[in-house]
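Reviewing the structure listed below.
Order of appearance sets the numbers: ligands from 1, and atoms from 1 within every ligand. The shown structure was predicted, so the numbers you read here are calculated from the model rather than taken from an experiment.
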Amino acid sequence: MSRKAPAYVTTPIYYVNDRPHIGHAYTTTLCDVWARAMRLDGRDVFFLTGTDEHGVKVEKSAQERGITPQALADENSAEFRKVMTTFGLTNDDFIRTTEPRHESQVKLFVKRLLASGDIYLGEFEGWYDEGQEEYVTDTRAKDLEFKSPISGRPLVRAKEHNYYFRLSAYQARLEAFFAANPGFVRPAGRFNEVLGRMREGLQDVPVTRTNFTWGIGMPGAPEHVIYVWIDALFNYATALGLGEPDGALAKERAKYWPPEYHVIGKEILWFHAVIWPALLMALDLPTPRCIYAHSFWISNGQKMSKSLGNFVDLPTIESYIAKYGLDAWRWYMTTQGPLGATDADFSPRHFHEIYTANLVNTFANCASRTSAMIEKYFGGVMPTGETASMPISAVEGAPTWSAFTSDAATKVIGHYADFELAEAADAALAVVRAVDAIINETQPFKLAKDPTRMDEVARILSACAEGVRVAAVLLTPIMPTKCSEVLAAYGSMVATDGDMIEAARWGGLKAGGRIAKCAPFMRVDAPVA
Ligand code: ME8
């Protein structure tokens with residue numbers, strides 16, 4: 001098997017002043033689906049997530065609780081890490097910005113930027129969004145009517161003696177970079193949004209603060225603390241050891257750079273799509289291939305927010321998992337989430353409907369019907385029947401099963417690779433739908449009443465079983481547990497890394513093999529209350 005190019009995928013690192021909720025679970029699950037799919041397709045994937053532990057917000061939250069910022073960080077970071085385990089997420093590392101390996105490399109990066117003149121000491125006055133810890137330009141402040149677009153609170157006039165990053169010097173290079181890389185920011189609408197704002201003109205950005213202490217000290221000027229956003233962005237590079245290019249970590253991990261996808265929420269796009277590539281340009285490091293900024297989960301049409309207290313929090317998520325199973329949760333996140341440019345409403349009723357329609361009535365029904373008929377008519381043994389050249393339906397021009405599923409596999413893998421995860425799910429489910437269609441069209445349960453037609457029944461059911469197997473292979477990145485259950489019941493090997501196309505090839509099930517009855521998803525009576 002030839003190994004394809006290494007791949008690097010990241011989530012934002014999450015603030016430890018908050019507890020994990022649906023937003024964090026969502027972004028991390030998307031990355032997990034992608035990472036699993038790419039590993040199955042033979043890529044050497046590095047999947048990173050972690051926690052963002054410095055800054056005023058953490059300092060304040062800790063003060064309110066009467067504990068040290070480090071104690072708060074330790075407590076909540078552990079909570080995030082626990083989520084990774086509970087959710088079976090396959091991240092290869094979990095970085096914390098308070099770790100020495102991160103802090104020391106951030107200092108090295110900043111020193112390089114000081115030496116190159118990309119960071120300088122200066123004075124600045126401007127409109128400041130306290131909630132976001134972010135300055136906004138005068139023009140933008142006016143457009144926003146001097147209110148934060150996130151919290152709605154008034155912007156404040158702030159003046160600081162700070163170190164700055166010479167972002168303005170990168171205006172032309174960034175514009176050229178955007179022109180040459182139309183896929184750099186996705187979805188497409190967000191690309192234009194960033195470009196439009198960039199064309200208003202880039203101002204230098206402060207990279208240090210003096211109004212708090214909980215952060216990484218500026219090399220040579222410890223009274224200045226490195227701004228949390230600069231500190232945080234570097235996590236993507238420090239996790240691979242890029243701050244010390246000759247170090248042991250870089251030797252092992254530098255091959256993963258540049259990231260294929262930085263997956264984030266839309267609210268932090270500017271930092272990732274403009275400031276981050278400019279910092280990397282200043283450091284002569286290759287820029288990421290794509291910043292994928294998804295939209296938000298909302299709740300009954302309303303923004304989820306801490307102040308409204310309407311976030312789908314961890315205990316709520318756990319109640320869904322208890323009722324429907326982890327893979328159903330992953331299915332809902334992957335297929336119904338706000339991966340495009342619009343927000344998605346999270347509703348218990350919609351969750352229930354999707355679960356019932358896609359998983360119970362389609363996937364599970366097909367796997368269970370097929371296995372039940374094989375049990376009934378062939379004693380649970382895979383019947384003999386040549387199926388590769390069999391058309392998927394009696395409709396004129398219908399493709400053969402082998403052509404149809406090979407085309408589906410190519411499509412599914414292509415969608416996974418392009419981060420079109422709902423499309424990947426749908427293209428895989430199309431195989432299940434084709435199996436359902438042939439059962440409805442040929443009605444093997446009626447044919448089986450006539451002993452002279454058992455060869456026909458054998459051929460139909462072996463095609464159905466093989467179709468279910470192929471679909472389970474293709475759905476594995478989204479529903480790893482349930483798909484392995486189905487594959488095991490069908491006596492098939494689970495797909496292993498590097499093996500997806502091979503595993504999805506028609507003809508994996510051999511006549512004479514054991515097919516056990518299985519029902520991967522059971523009907524659930526009513527939505528979560
Ligand atoms: O912004 N719907 O961390 P954070 C979907 N530390 N996704 C959501 C969401 C929602 N309603 N709410 C949050 C930070 N998210 C910084 C990042 S990166 C160098 C530093 C997800 O804890 C989404 O991915 O506020 C969003 O970008 C992230 O959580 C913000 O997490």
Side-chain angles (χ1 to χ4, degrees), residues 9-32 34 48-58 61 72-73 76-77 79-80 83 89 94-98 102 106 109 129 131-134 150-151 190 214-215 226-239 259 261-277 279-280 288 291-314 316-317 332-334 336-347 419:
V9 64
T10 67
T11 73
I13 46 170
Y14 304 115
Y15 281 130
V16 285
N17 62 325
D18 205 357
R19 299 181 89 79
H21 57 63
I22 184 171
H24 310 128
Y26 176 61
T27 316
T28 319
T29 301
L30 295 179
C31 292
D32 184 69
W34 190 84
L48 179 71
T49 189
T51 41
D52 190 355
E53 310 192 356
H54 291 131
V56 178
K57 284 199 222 176
V58 177
S61 302
L72 179 75
N76 279 358
S77 179
E79 192 73 13
F80 277 99
V83 169
L89 300 166
F94 184 99
I95 190 155
R96 301 183 55 188
T97 55
T98 53
H102 173 78
V106 168
F109 279 129
D129 182 336
Q132 293 303 100
E133 300 187 25
E134 179 188 11
I150 311 292
S151 66
R190 302 259 174 252
W214 180 237
I226 297 173
Y227 175 38
V228 63
W229 261 105
I230 301 297
D231 169 354
L233 284 167
F234 277 121
N235 92 86
Y236 303 128
T238 60
Y261 290 103
H262 280 313
V263 186
I264 57 167
K266 60 183 177 182
E267 85 290 13
I268 56 176
L269 180 54
W270 184 254
F271 292 103
H272 284 82
V274 177
I275 299 175
W276 182 226
L279 282 169
L280 292 169
I291 312 293
Y292 199 117
H294 61 69
S295 303
F296 278 171
W297 281 107
I298 54 175
S299 174
N300 295 320
Q302 263 193 318
K303 191 175 149 51
M304 290 188 197
S305 80
K306 240 179 163 179
S307 46
L308 291 174
N310 62 347
F311 257 115
V312 174
D313 59 7
L314 206 51
T316 310
I317 299 174
Y332 191 73
M333 290 291 103
T334 308
Q336 307 300 315
L339 196 50
T342 41
D343 292 344
D345 205 23
F346 185 89
S347 96
F419 225 88

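- Not a single heavy atom of Gly337 lies less than 4.0 angstrom from ligand 1.
- Of the N or O atoms in Gly265, one or more lie within a sub-3.5 Å distance of an N or O in ligand 1.
- For the pair Lys266/Asp343, a side-chain contact is recorded, criterion being any heavy-atom separation below 4.5 Å from C-beta on.
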Q: Could you give me the CA-CA distance, side-chain angles and deciding distance for His294 and Phe419, then say whether side chain to side chain contact (heavy atoms under 4.5 Å, CB included) is met?
A: CA-CA 11 Å; His294 61 69; Phe419 225 88; over 6 Å; no

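- Of all the atoms in ligand 1, the ones that sit under 4.0 Å from a non-hydrogen atom of His21 are 12 (N), 13 (C).
- When hydrogens are left out, the protein atom nearest atom 31 (O) of ligand 1 is Tyr14 CD2, 3.5 Å; that is the closest non-hydrogen contact.
- Between Lys303 atom NZ and Phe311 atom CZ the span is 6.5 Å, to the nearest 0.5 Å.
- Interatomic distance, Tyr261 OH to Tyr292 OH, rounded to the nearest 0.5 Å: 8.5 Å.
- Note: His262 and Tyr236 have tilted aromatic rings, judged against thresholds of 30 and 60 degrees for the angle between ring planes.
- Scanning the protein heavy atoms around atom 17 (C) of ligand 1, the nearest turns out to be Ile13 O, 3.2 Å.
- With hydrogens left out, the protein atom closest to atom 19 (C) of ligand 1 is Tyr236 OH, 3.5 Å, a heavy atom.
- For atom 10 (C) of ligand 1, the nearest protein heavy atom (residue, atom name, distance) is Phe296 CD2, 3.6 Å.
- Contacts between Phe271 and ligand 1 below 4.0 angstrom, taking non-hydrogen atoms only, are absent altogether.
- A heavy-atom separation below 4.0 Å is found between Ile268 and ligand 1.
- Near Ser295, meaning under 4.0 Å from one of its heavy atoms, ligand 1 places the atoms 5 (C).
- Ligand 1 does not have Lys266 within reach: every non-hydrogen atom of the residue lies 4.0 Å or more from it.
- At a 3.5 angstrom cut-off on N or O pairs, Asn235 does not count as close to ligand 1.
- For His272, the closest heavy-atom approach to ligand 1 falls below 4.0 Å.
- For the pair Ser295 and Gly340, the tightest heavy-atom approach, listed with the atom from each and the gap, is OG-O, 2.8 Å.
- The distance criterion of under 3.5 Å between nitrogen or oxygen atoms is not met by Ala232 with respect to ligand 1.
- Aromatic rings from Trp229 and Phe234 are positioned such that their centres are separated by 6.0 Å or more.
- Of the candidates Thr49, Leu89, Leu48, Ile13, Thr49 is the only one forming a side-chain contact (heavy atoms from CB on, under 4.5 Å) with Phe94.
- Between the CD1 atom of Ile275 and the CD1 atom of Ile230 there is a distance of 6.0 Å, given to the nearest 0.5 Å.
- For the residue pair Thr316 / Asp313, a side-chain donor-acceptor distance below 3.5 Å is found, with atom types taken as modelled.
- Between Asp52 and Lys57 there is no salt bridge, since none of the side-chain N atoms of the basic residue sits less than 4.0 Å from a carboxylate O of the acidic one.
- The shortest N/O to N/O separation between Trp297 and ligand 1 falls below 3.5 Å.
- Less than 4.0 angstrom separates some heavy atom of Asp52 from each of these atoms of ligand 1: 6 (N), 16 (C), 20 (C).
- Ring planes of His24 and Phe80: perpendicular class, angle over 60° (limits at 30 and 60°).
- Of the protein's heavy atoms, Gly23 CA, 3.5 Å lies nearest to atom 15 (N) of ligand 1.
- Note on ligand 1: Met304 sits outside its first shell, no heavy atom being nearer than 4.0 Å.
- Ligand 1 has a nitrogen or oxygen under 3.5 angstrom from a nitrogen or oxygen of Tyr15.
- Taking any N or O of Thr27, backbone or side chain, at least one lies under 3.5 Å from an N or O belonging to ligand 1.
- Remark: ligand 1 atoms within the under-4.0 Å shell around heavy atoms of His294 are 5 (C), 7 (N), 23 (C), 24 (O).
- The closest side-chain heavy-atom distance from Tyr26 to Pro338 is below 4.5 Å.
- For atom 30 (C) of ligand 1, the choice among His24, Glu267, Met333 with the nearest heavy atom turns out to be Glu267.
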